[in-house]
Amino acid sequence: MSTNAQKKGFGATLWDFLTTVDHKKIAILYMIAGGFFFLVGGLEAMFIRIQLAVPNNDFVGAGLYNEILTMHGTTMIFLAAMPLLFGFMNAVMPLQIGARDVAFPFVNALGFWLFFFGGVFLNLSWFLGGAPDAGWTSYASLSLASEGHGVDFYLLGLQISGAGTLMGGINFLVTIINMRAPGMTYMRMPLFTWTTFVASALILFAFPALTVGIFLLMFDRLFGSNFFVTAAGGNTVIWEHLFWIFGHPEVYILVLPAFGIFSEIIPVFSRKRLFGYSSMVFATVLIGFLGFMVWAHHMFTVGLGPIANAIFAVATMAIAVPTGIKIFNWLFTMWGGSIKFTTPMHYAVAFIPTFLLGGVTGVMLAAAAADYQYHDTYFVVAHFHYVIVGGVVFAVLAGTQFYWPKMFGTMLNEALGKITFWLFFIGFHLTFFIQHFLGLWGMPRRVFTFIEGQGFETANLVSTIGAFFMAVATVVLLINIIITSIKNEKVGNDPWGDGRTLEWAIPSPPPFYNFKQLPLVRGLDPLWIEKMEGKKGMTPAEPLGDIHMPNNSFTPFVISFGLFVAAFGAMYRLDYNWGLPVLILGMAITFGSMFYRSVKDDHGFHIHKEELTDDNDKGVKA
Amino acid sequence: MENNQTNTGNPSVDITYRRKRNAEEMRHQVISFALMIFFTVVAFVAVGSGMSGWFTVPFILLLAAVQVVFQLYYFMHMSHKGHEAPALFLYSGLLVGLITILTFLTIVWW
Amino acid sequence: MHAEEKMTLEKWPAAPEKQTLEGKNKFVGFWLFLGGETVLFASLFATYLALKDKVPNPEHALAKDLFEIPLAFLMTMLLLTSSLTSVYAMYHMKNFEFKKMQLWLGITVLLGLGFLGCEIYEFNHYVHEYHHTFTSSAFGSAFYTLVGFHGGHVVFGLSWIILLMARNAKRGLSLYNAPKFYLASLYWHFIDVVWVFIFSVVYLMGMVG
Amino acid sequence: MKKLAKWRLFSLITLMALILSGCGKPYLSTLQPAGEVAKSQFDLMVLSTLIMVGVIIIVTIIFLIVLFRFKRKDESIPKQVEGSHKLEIIWTVIPILLLLVLAVPTVLETFKLADVSAMDKKDEEGNTEALVINVRANLYWWEFEYPNEKIVTSQELVVPTDQKVYFNLKSSDVKHSFWIPAVGGKMDTNTDNINKFWLEFDSKGAEAAGELFYGKCAELCGPSHALMDFKVRALPSDDFDQWVATMQGIEEPVQADTAKAQEGQEIFNNSCIVCHAVTPANTTPEAARQAPNLTNFGDRAYVAGILENNEDNIKKWLTDPETVKPANKMTDTYGDLTPEQIDALAAYLSGLKVQK
Ligand code: HEA
Ligand code: HEA
Ligand SMILES: [Cu+2]
C-alpha cells in the first residue's frame, strides 16, 4: 500500500497518480491539468488577438470567434487559474500549518477528478459540434437562443467541475480549522494559509449560487422549464444576478490566494517579517466579506434603477480600502528590508504596480454613471486582465518558480526564469495597456472584427504584438521546466535560504507523511524563529509515534467518470434514443461507486514508528 | 476543538451521570418539539382564519424563524460548545442567502 | 484509540461523534456543507419569490388556487415529528443503546416515507387537476424546482439513513460509525429547517395571496 | 483662497481633458463628449482619473524608493518590524476620503441620468411633451419608433439637437445594448422589460461629427454582434421637424420613377414587402415588423448599418447578406435573384428618398 515514489514503471506511476489521495500528488495533478488548460486558454487568446490584429480580418469567422472567446474566458477562469491555485493550496497549505494531510484525502482526490472530467467534457465540445458561444457569462437570452449543444457542454461541464471545486473548498476549510499543528493559532498562520481559508469560504458561499443558476439554465435548455423564457413569465435578469452573485466573489477567489503567494515571497526575499500581519489578515477577511455585497456592479446598465446602482457603486468602491492596506503593507515589508531579486521576487515586485493599475481602473468602473460608458468595452477587458494576469497569473508564475523545489526537489533555472519574466511583463503591458484607450474610443468588447476607419487599427495591432511576447515567454517557461526535470539536481530543505514558514523545515519533496513528528509552533514564521535562535529545524511537539495514513483509492476517478458519462446522456437524450440509457448508466456508475465506498470500511493503515526511526529524512518503505 | 466532556476515570459514576444529563437534555428537546408543533399550528390557523396578509405574512415568518432557532439550537445542538465554526459558517451562509432574497424581491422586475 | 475498535458501554465517550480526528473533521466539514446548502436553498427561494405567480396567461393556476391547508399541515407534522424521532435516535446513540437507536431511526424513515408519499400525491394532483406542471409556466418551473430540490434531499437523506442502518445492523456502534449516524441526523434536521421555510413561504404565504 | 483652489482644479481638469481628448474620433469616442450625458460622464471619468493618478503617483514614489534603497547589499538581517499603527491609520483614512470625493458625484450623476420623469407628463391625447423614441433591438438591426409622431424608421436614428430626447428601450429576441459613445453611456435592451433613459445631442458636437454619430450594440448577441451598428443623424430642431413632417406625408409607398427602379419595385412588392415596410406609419403591430423599415433607405448613409450606401454595396448585400452579416435573419428568406433582378432592386432601393 505504499504511496512513496520509488523506481517504478510508467504503468505503476500512472496507477499511483490515478488512485492517489496524497495532497502533494494531487497538487501535482492540479498543476499538470491546470497548466495544460492554461496553454489551451492561451492558445485561444492568441487566436483572438490574431483575428483582431487587423480590421475586417477573416482568420476565424464570426461564429467561431464567439466560441473561441467563450472558451478562452471559461477555460482560463475555471480550468486554468483556479486549478493552478488549488495546486499551490494542496502543495503548500497543509505543510504550512504542520499537518500530515488534508482533512479528507479521499474527497480531495474526488474534487480533482470532478474538476478534471468537467474540464475535459467542456473541451470535447470542440470536436462534437461546436463549443459554447454565449460568452463566459452565458447570459440567459443568448444562451437559450444558442443552437447546437455548445452551451449544454458549458452547463454540464461547469456543473461537474464546480462540484469538485466546492469539495476542495470545504476540504481546505476543515483542514485549517482542525488540523493545525500544536501552537499554530489562527493569528500565527502564514498569509497564504489565511488567503486559502478566506478564498475557500468564498467558494463555499459563491458556488451554490452558480450551481443553482446552472441548474435553472440547464432545465430550460434540456428539460423544457421556463425560468428565463419571457413569454411564459420567466425573467433573464435572474440569471444575471445568480451568475454575478457567484461571479464577483469568484474574482476574489482568484486573487486572494495570489495575494497569499506574494505575501510569502516578499518577506522571504526581503528577509523581513510581513509588515502589519494582523491588518493583512483583517483586510483579507474584509475583502472576502465585501466581495458578496457588490456583484451588481456588473449590471449597472441593466436598468436596476438609480438606487440599486448607487448602493452597489459605493459598496464596490469600499473594497479599495482593504486592498490598499495590503498594497502598502507589502511596500513597507520591503521598506527597510534586504531585497534579493530572484525570479519569484521579480514577479512580486512587478505585481504591485500592475495590480495597482488594474485596481484603480476597477474603482473607476465602480462609478456607476461613468460605467455606462465603460461597460462592455475594451476598457473592462483591460481592467480585468490587469488584475487577473497582473495578479493571478503573475502569482502562479512566481509560485511555480518559488515552490518548484518544494514540490519536486529541484530548482527551476533562474536565468531562464528571468527571461520568461521580462518577456511576459513587457508583452503583458504592451497587450493590455492600450486596450484602455480602445475602450474609451468606443470599441465594444466581444466583437469578432472591427471596421476600418474608426481609429482602432494601430492599437489593436500593438496589442496583438504584445500577446506574442507572452506566448514566447510561456514557451521559455516550458523549456525551463523540461531542462530542469532532465537535470534534476536535488536541493535541501530550504533551497532559497531564507524560508520562514514550516514547509521549508522539511525535505524537498517532503516524505509522504510530511512531518515525522508534528512541529511545535512558537510564533509567526516558526522556522525563522528557530533559525534566529540558532537551531537547524523545528522542535517536535510530540514523541515519535505511529502515523495513520489513508489508503489509495480508484473510486474518486470512477465516481467522476460516471458523471462524465451521464452528462453525455443528459445532453443527447433528446437527439438520440441511446441518450437516456447512457444517462442512467453514468448515474449508476457514480452512485454504484459511492455505494461501494460507503459500505466498504476503509480504515487506512499505520506507519509504525520503528519504520520511521531508522531512516532519516528520506521517504519510507511502508 | 477539544472535547469538553472528559471522563472522570470511574466508569459507573460517569455513566449514571451522563445518562442523567442526556435524559435531562432529551426532556428539553421534547419541550421544544411541543413548542414547535404549537407554532406550526398557530401559523396554519392564522392563515386558515383568513386574516389580512399584512398581519399574517410577517407573523408566520416570525414563527418560522423562531422554529428554526429551536431546531438549530436544540435539535442540532448548536448551543453546545465546539460549534463556533459551524455557527460562523451557517450565519455567513444565511447572510449571503438573505441578501440574495432581498435583491430578488427588489430588483428583478415584473 | 482506534476508530474500528469494539466498544463497550464503559469505554463509550460522551461525544462519540467527535472522539476521533476523522469524526471531528466530518463534523466540521458537514456543518460547512450545510452553510453552503443554505445559500443554495436561499437562491432557490429567491428565484421562486421572483417568479411566483408569473404565468403566460390568465387561465393558468396561481399559488392561491393550488395550495390547501390540510395536506400542507399533514406534511409538516410528519416531517417535524421525524425530526424529533431522529433526536431520540441520537439520544440513544449517546447512551450506547444501539437497538433503540435503530428503532427510532426506523420510525424516522417511516415518517419520511409518509412525507414523500404526500408530496408525490400533491404533485400528481397539481398536474392533473390544474395542469400546473414543470413546463407550463415560470411559476411552475420555480415551484417544482424549489420543492423538488427539497424532496430530493428527503430521498437522499432517507437512503443514507437506511444504508447506515443496514450496514451497521450486525456491527453495533463504534467510534467509526457514530459520526456517520450523527451527520445523517444533522442532515435530517436541516431538511426539516428548509421545510419550515417552504411551508411558511410557499404554502402559507401562497394561500394568503 | 477658495476661488484659487477652484481655478486650479479647473485648469487641471482642462489639462486632463486636453490629454484625454487627444485621441478618438469625434463621432465615436467617449473622450469627445457631444451631449450633456456624455459630458457629465466624461467629467466623472476625468475626476476619477485624477484621483487614480494621485494614488498611482504616491504608490510609485514609495515603490521606487524601496527598489533602489533596499536592495540586498550584505548578508545582515534587517530589523523585524511588526507594523505601525500610525502608518496604517494614514493609509486607511486617506483612501476613504478620496473615495468619498468620488462617491458623492457618482451618486448624484447616477440619479441625474436616471431622471425620466418628463416621460410621465402627458397631454390629453396621451402624448408626451418631450420627444420620446421607442428603440427596439433585433438580431442585428435597430428599429426606431416615434410614438407621438406615429412614424417608424430603422438603422438610422434621426434626432433634434440641443434638447433632451427620451428613449424606451427593449429587445425582441435576445438581449442587446443601445450605445452612442460620443453622446452618452449605454443602456441594455432587455427581453423582460422596457428600460427608459435620456440623451441630449449637442449641436456643436454634431457639427464636429459631421452630423452623423456612430451607434453600437454593446451586448454580445450572436455571431454578427460586431456588425450591429447604427447611425445617428442629429439635426437642428427645424430640420428635424421638417424631416418628421415629410415622413408623415408619406402615406402610400413612393412610386419609383425610372423604368429599372419600377421593375425593382415590382420585385420588391412581390416578395420583400412581407417583411420590409416602405411606409413610415407605425400602424402594423410590432410582431409584424420583422425587418427594417425602408421608407427613407436612400437617405441613409449606410447599408445594413455598416456599408457605405452606394449601389455596389446594396447589390453586395442583396446577393449574399450572409457574407456581410453572418447569421443574419434575412439570409435564405428569399429565393435566388438574378443579377438583373438585383440591379433593379438596387435602383429601386437607392431611390427611396424622402429628402429630395
Ligand atoms: C482577479 C480578478 C479581479 C479583481 C481583483 C477585481 C477587482 C476589482 N474590480 Fe473587477 N472585474 C474582473 C476581475 C477582477 N476585478 C473581471 C473578470 C471583470 C469582468 C467580467 C466580465 O464582464 O466578463 C471585472 C469587471 C469589473 C466591473 C464591471 C465592469 C463592467 O462590466 O462594466 C467593475 C465595476 O465596478 C469592477 C470593479 C472592480 C473593483 C472596484 C475592484 C477592486 O477590488 C480593486 C481594488 C484595488 C485597488 C483600488 C488598488 C489598490 C488600492 C490602493 C492603493 C488604495 C487607494 C486607492 C484608491 C483610493 C482608489 N470590475
Ligand atoms: C484567468 C483568466 C484569464 C487569463 C489568464 C487571460 C489571458 C489572456 N487574455 Fe483573456 N479573457 C478572460 C480571462 C483571462 N484571459 C476572460 C474571462 C475574458 C472574457 C471572455 C468573455 O467575454 O466571455 C477574456 C477575454 C479576452 C479578450 C477580449 C475578447 C473580446 O472581448 O472579444 C482578449 C483580447 O485581447 C483576451 C486576451 C488575452 C491574452 C492575450 C491573454 C494572455 O495573457 C495569454 C497568455 C498565454 C499564452 C500566450 C499561452 C501561450 C500558449 C502557447 C504558446 C501554446 C504553446 C502550446 C504548446 C507548446 C502545446 N482575453
Ligand atoms: Cu466584480
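Just so it is clear, the values below take in all heavy atoms, side chains as well, and ignore hydrogens, waters and symmetry mates.
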Report task. Heavy-atom distances under 4.5 Å only: say whether A:Val229 touches chain C with side chain, backbone, both or neither. Result -> neither

Query raised in the report: Could you name the residues of residues 112-138 of chain C that have a heavy atom within less than 4.5 Å of a heavy atom in chain A?
Result: C:Phe134, C:Thr135, C:Ser136, C:Ser137, C:Ala138

Requested in this report: Please look at C:Phe149 and chain A and tell me whether the side chain, the backbone, both or neither of the residue comes under 4.5 angstrom of a heavy atom of that chain.
Outcome: side chain

Report task. Check whether A:Ser598 gets within reach of chain C through its side chain, its backbone, both or neither, counting any heavy atom under 4.5 Å. Result -> both

**Report entry** Portion of A:His548 that has a non-hydrogen atom of chain C nearer than 4.5 angstrom
**Finding:** side chain

Report summary line: Looking only at C:Ser141, C:Ala46, C:Ala42, C:Gly29, most heavy-atom pairs under 4.5 Å shared with chain A are made by C:Ser141

Query raised in the report: Does the pair A:Asp601 and C:Tyr176 meet the rule for a side chain to side chain contact (heavy atoms under 4.5 Å, CB included), with working shown?
Result: CA-CA 9 Å; A:Asp601 291 343; C:Tyr176 177 67; 3.2 Å; yes

**Report entry** Gap separating the CG atom of A:Leu173 from the CH2 atom of C:Trp31, nearest 0.5 angstrom
**Finding:** 15.5 Å

Requested in this report: Over all heavy atoms of both residues, which pair between A:Ala209 and C:Ser43 is shortest? Give the atoms and the distance, please.
Outcome: CA-OG, 3.9 Å

Query raised in the report: Which region of A:Met179, side chain (C-beta onward) or backbone (N, CA, C, O), has a non-hydrogen atom less than 4.5 Å from a non-hydrogen atom of chain C, or is it both or neither?
Result: side chain

Query raised in the report: What heavy-atom pair brings C:Pro56 and A:Ala231 nearest, and what distance separates the two atoms?
Result: CB-O, 3.5 Å

Query raised in the report: Counting only heavy atoms not in A:Tyr186, do more than 12 fall under 6.0 Å of its OH?
Result: yes

**Report entry** Side-chain heavy atoms of C:Leu44 within contact of A:Phe215, under 4.5 Å
**Finding:** no

Report task. Report the C-alpha separation of A:Ile245 and C:Val39 in whole Å, then their side-chain angles, then the decisive distance to 0.1 Å, and conclude whether the side chain to side chain contact (heavy atoms under 4.5 Å, CB included) test is met. Result -> CA-CA 11 Å; A:Ile245 287 173; C:Val39 181; 5.9 Å; no

Query raised in the report: At a heavy-atom separation under 4.5 Å, does A:Asp546 approach chain C through its side chain, its backbone, both, or neither?
Result: neither

Report task. Please report the closest heavy-atom contact between C:Asn25 and A:Val174, naming both atoms and the distance. Result -> O-CG1, 3.5 Å

Query raised in the report: Distance-only, no hydrogens or angles: does the A:Asn178 side chain make a donor-acceptor pair with backbone N or O of C:Lys24 under 3.5 Å?
Result: yes

Requested in this report: Decide if atom CE of A:Met293 counts as having more than 12 heavy atoms of other residues, nucleotides or ligands within a radius under 6.0 Å.
Outcome: yes

Requested in this report: Can you measure from CH2 (A:Trp239) to OG1 (C:Thr47) and round to the nearest 0.5 angstrom?
Outcome: 11.5 Å

Query - Contacting region of A:Phe104 [heavy-atom separation from chain C under 4.5 Å] - result: side chain

Query raised in the report: For A:Phe289, does the CZ atom have more than 12 heavy-atom neighbours from other residues, nucleotides or ligands under 6.0 Å away?
Result: no

Query raised in the report: Does a sphere of radius 6.0 Å around CZ in A:Phe223 hold more than 12 heavy atoms from other residues, nucleotides or ligands, not counting ones at 6.0 Å or beyond?
Result: yes

Query raised in the report: At a heavy-atom separation under 4.5 Å, does C:Lys26 approach chain A through its side chain, its backbone, both, or neither?
Result: both

Query raised in the report: Side chain, backbone, both or neither: which part of A:Phe595 has an atom under 4.5 Å from a heavy atom of chain C?
Result: side chain

Report summary line: Against chain A, residues from residues 159-172 of chain C with at least one heavy atom under 4.5 Å, in numeric order, are C:Leu163, C:Arg167, C:Arg171

**Report entry** Largest heavy-atom contact set with chain C, pairs under 4.5 Å, which of A:Thr211, A:Leu204, A:Asn171, A:Val237
**Finding:** A:Leu204

